[in-house]
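A short write-up of the structure that comes next.
Residue numbers start at 1 and run along the sequence shown.
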Amino acid sequence: MSDKILIAFHHACDQGDFEVAEELLRILEMMLTRRPMAPDQNRRKNMESLVAAHERLWLLRHPEAKEQ
């Protein structure tokens, strides 16, 4: 399910709907952080995707930072 939320996040970013993108990130973050702390091979990949998504949203909201 987290993959589908991430796809919806990127779609919202592509459409310029940053409020929806931010809410989707909150949901994704909640899903990833409430899982049991047992070792999970995909956990690191999921967390890296979450960080990259936060970075994308930040850069879209702050285009001037990209130009510097």
Side-chain angles (χ1 to χ4, degrees):
M1 181 180 345
S2 61
D3 289 344
K4 292 179 182 182
I5 293 172
L6 196 57
I7 289 168
F9 161 81
H10 286 295
H11 183 69
C13 286
D14 292 344
Q15 298 298 313
D17 197 341
F18 303 140
E19 289 181 39
V20 170
E22 187 174 349
E23 287 300 316
L24 289 166
L25 273 185
R26 284 188 189 137
I27 292 167
L28 184 59
E29 189 169 346
M30 178 185 64
M31 290 174 63
L32 293 177
T33 57
R34 75 175 179 182
R35 290 194 178 157
M37 297 305 288
D40 180 5
Q41 294 176 344
N42 293 323
R43 184 165 176 79
R44 181 179 174 137
K45 178 181 169 268
N46 290 337
M47 291 305 227
E48 288 173 355
S49 295
L50 180 63
V51 170
H54 274 286
E55 183 178 347
R56 179 179 185 200
L57 183 59
W58 191 88
L59 287 171
L60 287 170
R61 287 190 162 170
H62 303 90
E64 68 281 358
K66 200 174 187 179
E67 297 171 1
Q68 293 179 1

Roughly how far, to the nearest 0.5 Å, is the CG atom of Leu25 from the CE atom of Met30?
12.5 Å

Could you go step by step and tell me if Glu23 and Arg26 meet the salt bridge (Lys or Arg N to Asp or Glu O under 4.0 Å) rule?
CA-CA 5 Å; Glu23 287 300 316; Arg26 284 188 189 137; 2.4 Å; yes

Residues Phe9 and Ala53: closest non-hydrogen pair is CZ-O, 3.2 Å

Connected via hydrophobic side-chain network under 4.5 Å: Leu59 and Val20:
no

Hey, what do you get for CG (Leu28) to NZ (Lys4), rounding to the nearest 0.5 Å?
14.0 Å

Ala21 versus Cys13, closest heavy-atom pair with distance:
CB-SG, 3.9 Å

Cluster question for you: counting only ILVMFWY and a side-chain heavy-atom cut-off of under 4.5 Å, with indirect links fine, are Leu6 and Leu60 together?
yes

When rounded to the nearest 0.5 Å, the distance separating CG of Leu50 from NE2 of His54 is 4.5 Å

Any idea which heavy atoms bring Ser2 and Met31 closest together, and the distance?
N-CE, 4.0 Å

Gap between atom NE2 of His10 and atom CG of Leu24 - 0.5 Å precision
10.5 Å

Rounded to the nearest 0.5 Å, how far apart are CE of Met47 and CG of Leu32?
6.0 Å

Is the NE2 atom of His11 crowded by more than 12 outside heavy atoms at less than 6.0 Å?
no

In this structure, are over 12 heavy atoms from other groups packed under 6.0 Å from Glu48 atom CD?
yes

